[in-house]
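Taking it in order: structure first as structure tokens, then the write-up.
Index from 1, following the sequence. None of these values were measured; they are calculated from a predicted model.
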Amino acid sequence: MRRLLALTAAAFISLPLTPAAAQDGTPGAPGAGDPYFPGQGNGGYDTGHYDLALDYEPTSGRLTGVTRISARATQALSSFNLDLVSTLSVRSVTVNGRAAAFAQSGSELVVTPARSLPSGRDFSVVVRYDGRPVHVVDPDGSVDGWIKTSDGVYNANEPQGAMTWYPGNHHMTDKATYRFTVTVPSTRVAVANGDLLAKVSKGGRTTYVWDSREPMASYLATVSIGKFELADSQLGGYRVITAVDPKLAGDATGFPERHAPVLDYFSSIFGPYPYSSTGGIVDHAPEVGYALETQTRPIYPRVPSESLLAHELAHQWFGNSVTPTLWRDIWLNEGFATYSQWLWLDKIGTRTLQDSFDAAYAPAAEDEFWQTPPADPGGPENLFHDPVYDRGAMTLHVLRREVGDAAFFAILRAWASDYKYGNADTAALIALSERVSGKQLDALFEAWLFKPGKPTL
Ligand code: TRP
Ligand code: ZN
């Protein structure tokens with residue numbers, strides 16, 4: 001409609017040289033081009049910062065939100081999309097302070113600004129919305145997003161839950177900094193990523209302000225709510241912020257103190273811890289079953305074992321700071337975190353690295369386990385299948401044997417520093433490994449990452 005009008009106007013004043021589309025821009029793509037989740041993310045702009053104001057009432061499950069996004073157009077835009085499920089109702093949208101037209105369908109919020117946005121232009125979007133968030137069920141059957149618990153919310157968003165509670169560009173290639181201002185009844189605590197800046201109580205409600213200064217992919221954001229015991233202390237050189245469900249307080253004794261030794265060890269082999277604070281959220285959520293490496297502050301459905309703690313903390317380097325470019329490359333997260341877990345268990349004397357490798361390698365060649373190559377798991381239903389974790393970790397062990405310890409740890413450090421706060425794919429890891437080691441490694445990676453079947457040693 002807009003385009004037609006523009007054409008008519010152009011014809012009338014006889015200026016046919018500039019096509020209307022170039023003047024007015026075109027709609028941004030409704031997806032980021034990831035084959036596993038085609039509607040996830042959007043094209044035509046890049047976000048820089050999210051300022052989320054959330055007000056949540058756990059009893060009714062009602063959320064009222066204001067999302068402010070700073071972004072830059074990467075093409076001339078007549079309209080652009082944000083990802084948000086339609087069960088939440090958008091009340092208003094402004095772009096650069098002016099009311100914008102909007103429409104919701106499926107998990108897309110289409111925003112048409114009063115004036116189109118030239119390529120390269122910085123712009124701000126404010127979305128006001130409310131409703132009762134519900135989690136989504138992933139292709140593998142697990143729950144994801146705003147997951148209600150008996151006393152609040154277990155908020156884990158990998159791979160697609162972010163759209164269940166705030167509008168954004170929800171593909172991992174568009175990282176941004178965040179500010180969270182969350183208001184809950186004073187009987188509850190709201191925990192998010194990064195540093196706690198303020199906690200203010202008034203009239204039976206408490207507002208928590210959290211600041212996430214380092215860029216973050218939206219699947220790693222969390223706003224978890226519950227009757228938590230919150231602790232914020234300086235321990236071993238880290239700001240450790242923990243939230244523990246009182247039901248688990250006994251088992252969680254010493255939980256804050258467990259972080260520094262693991263982070264010190266990983267820093268010594270991967271390079272400096274990339275965030276300004278750490279910690280974890282220990283919720284009583286037996287119905288969820290999985291933990292998530294939410295940035296700076298993983299969320300656990302129970303008190304984590306040493307192995308799980310190491311896994312989620314290793315993700316802070318591998319997954320969170322260095323993030324894949326497509327979901328298909330998820331082994332770069334899970335294989336690295338699993339290998340790191342093996343390293344930590346070896347370090348503390350629980351199980352040798354070789355025993356971990358041997359146990360993972362044990363399945364017979366005919367076993368289903370060997371049919372899924374980790375770097376090509378076949379679809380979103382296999383994202384978190386065992387081969388992605390264990391065969392991914394075995395790949396790193398075999399690489400280490402092939403290039404030697406010095407080159408192997410140089411590769412890990414370079415991976416963490418070259419792609420810090422960014423994205424990288426499997427091809428980049430192979431290229432880096434060959435560059436650092438000076439070896440031709442195609443056959444090794446082909447056998448371990450891409451071909452079905454049990455590789456020989
Ligand atoms: N990334 C998580 C971890 O390894 C795992 C995870 C996220 C997961 N979503 C999931 C596992 C869904 C099973 C199902 O710590
Ligand atoms: Zn993991």
Side-chain angles (χ1 to χ4, degrees), residues 50 52-59 61-65 132-136 142-158 160-166 168 178-197 199 205-212 216-232 240-249 252 255-256 259 275 277-304 308-309 312-313 315-316 320:
Y50 288 81
L52 307 184
L54 300 169
D55 194 302
Y56 189 60
E57 185 45 68
T59 317
R62 193 164 185 80
L63 177 73
T64 306
R132 288 184 176 77
V134 280
H135 61 257
V136 286
S142 51
V143 293
D144 182 15
W146 194 267
I147 306 164
K148 290 189 70 173
T149 60
S150 58
D151 63 350
V153 185
Y154 187 94
N155 188 215
N157 300 293
E158 186 185 32
Q160 47 173 355
M163 65 183 179
T164 68
W165 58 283
Y166 72 99
Y178 280 72
R179 168 74 60 100
F180 304 88
T181 304
V182 190
T183 303
V184 289
S186 297
T187 51
R188 304 298 199 279
V189 174
V191 192
N193 315 87
D195 306 336
L196 178 60
L197 292 190
K199 176 188 165 185
R205 297 180 74 75
T206 303
T207 299
Y208 294 83
V209 183
W210 296 88
D211 191 42
S212 198
M216 175 164 74
S218 61
Y219 80 89
L220 296 166
T222 193
V223 169
S224 293
I225 297 167
K227 292 180 178 167
F228 296 126
E229 289 171 6
L230 191 63
D232 182 355
V240 183
I241 306 179
T242 56
V244 174
D245 189 308
K247 291 194 195 84
L248 301 172
F255 178 62
H259 292 75
Y275 302 108
S277 61
T278 180
I281 304 160
V282 179
D283 204 351
H284 176 70
E287 68 279 20
V288 180
Y290 68 89
L292 184 64
E293 63 266 25
T294 39
Q295 193 154 300
T296 68
R297 193 152 297 114
I299 180 161
Y300 306 94
R302 59 185 168 276
V303 179
L308 184 60
L309 178 74
E312 306 308 344
L313 292 181
H315 271 311
Q316 306 305 314
N320 300 10

Practice task
Determine yes or no for a side-chain-to-main-chain donor-acceptor pair under 3.5 angstrom, with Asn155 supplying the side chain and Val223 the backbone.
Solution key: yes
Practice task
Could you tell me which non-hydrogen atom of Gln316 sits nearest to which non-hydrogen atom of Thr296, and how far apart they are?
Solution key: OE1-N, 2.9 Å
Handout entry: Straight-line distance of His135 NE2 to Asn157 CG, nearest 0.5 Å
Key = 12.5 Å
Exercise for the section: Using atom types as modelled and distance alone, determine if a side-chain donor or acceptor of Asp55 lies under 3.5 Å from a backbone N or O of Thr64. Expected result: no
Exercise for the section: Specify the closest pair of heavy atoms between Gly280 and Tyr300, including all atoms of both residues, with the distance to one decimal. Expected result: CA-CE1, 4.3 Å
Handout entry: Side-chain donor or acceptor of Ser277 paired with backbone N/O of Gly194 under 3.5 Å
Key = yes
Handout entry: Side chains of Pro304 and Val282 in contact at under 4.5 Å (non-hydrogen atoms)
Key = yes
Exercise for the section: Compare every heavy atom of Pro298 with every heavy atom of Gly279, then report the nearest pair and how far apart it is. Expected result: O-CD, 3.2 Å
Exercise for the section: Please list, chain by chain and in numerical order, all residues satisfying side-chain contact (heavy atoms from CB on, under 4.5 Å) with Thr278, sequence neighbours excluded. Expected result: Tyr238, Val240, His259, Leu263, Tyr273, Leu313
Practice task
Examine distances only and state if a side-chain atom of Trp165 and a backbone atom of Gly65 form a donor-acceptor pair shorter than 3.5 Å.
Solution key: no
Exercise for the section: In sequence, state the C-alpha distance, the side-chain angles, and the governing distance for Leu308 and Arg302, and then conclude on side-chain contact (heavy atoms from CB on, under 4.5 Å). Expected result: CA-CA 10 Å; Leu308 184 60; Arg302 59 185 168 276; 4.1 Å; yes
Handout entry: Residue among Leu230, Val209, Asp211 satisfying side-chain contact (heavy atoms from CB on, under 4.5 Å) with Leu196
Key = Leu230
Exercise for the section: Could I get the full list of ring-ring contact (aromatic ring centres under 6.0 Å, His included) partners for Phe180, not counting sequence neighbours? Expected result: Tyr178
Handout entry: Where Ala243 and Val191 come nearest, the two heavy atoms and their spacing
Key = CB-CG2, 3.5 Å
Exercise for the section: Kindly compute the distance separating CG (Asp245) from OG (Ser150), expressed to the nearest 0.5 Å. Expected result: 7.0 Å
Fill in the blank from the handout: Nearest heavy-atom contact between Leu292 and Glu312 is C-OE1, 3.7 Å
Handout entry: Under 3.5 Å: donor-acceptor pair, side chain of Tyr154, backbone of Gly226
Key = no
Handout entry: Residues Arg188 and Thr206: side-chain donor-acceptor under 3.5 angstrom
Key = no
Problem - Flag, side chain of Asp232 to backbone of Ile241, donor-acceptor distance under 3.5 Å - result: no
Exercise for the section: Just do the side-chain contact (heavy atoms from CB on, under 4.5 Å) check on Asn193 and Thr222 with the steps written out, would you? Expected result: CA-CA 6 Å; Asn193 315 87; Thr222 193; 3.9 Å; yes
Practice task
May I ask you to decide if Ile299's main-chain N or O and Thr294's side chain share a donor-acceptor pair within less than 3.5 Å?
Solution key: yes
Exercise for the section: Determine, step by step, whether Val189 and Tyr208 satisfy the side-chain contact (heavy atoms from CB on, under 4.5 Å) criterion, reporting the C-alpha distance in whole Å, the side-chain angles of both residues, the deciding distance to 0.1 Å, and the verdict. Expected result: CA-CA 8 Å; Val189 174; Tyr208 294 83; 3.5 Å; yes
Practice task
Report yes if the side chains of Phe228 and Asp283 come closer than 4.5 Å at any heavy-atom pair, otherwise no.
Solution key: yes
Problem - Atom pair CD/CZ of Glu229 and Phe255 - distance to nearest 0.5 Å - result: 12.5 Å
Completion exercise
Across all chains, not counting sequence neighbours, the side chain to side chain donor-acceptor pair (under 3.5 Å) partners of Gln295 are Tyr275
Exercise for the section: Measure from the side-chain N and O atoms of Asp151 to the backbone N and O of Lys227, and report whether any donor-acceptor pair falls under 3.5 Å. Expected result: yes
Handout entry: Sidechain-backbone polar pair: Thr164 side chain, Trp146 backbone, donor-acceptor under 3.5 Å
Key = yes
Exercise for the section: Given side-chain contact (heavy atoms from CB on, under 4.5 Å), test Arg297 with Trp210 step by step and report yes or no. Expected result: CA-CA 12 Å; Arg297 193 152 297 114; Trp210 296 88; 3.5 Å; yes
Exercise for the section: Identify the heavy atoms of Gly289 and Pro301 that sit nearest to each other, and give their distance. Expected result: C-CG, 3.9 Å
Exercise for the section: Kindly indicate whether the side chain of Ser212, heavy atoms from C-beta on, has any atom under 4.5 Å from the side chain of Tyr50. Expected result: no
Handout entry: Flag, side chain of Asn320 to backbone of Glu293, donor-acceptor distance under 3.5 Å
Key = yes
Exercise for the section: Measure the shortest side-chain to side-chain distance between Val136 and Met163 over non-hydrogen atoms and say whether it is less than 4.5 angstrom. Expected result: yes
Exercise for the section: State plainly whether the residues Glu57 and Arg205 are in salt-bridge range, i.e. N to O under 4.0 Å. Expected result: yes
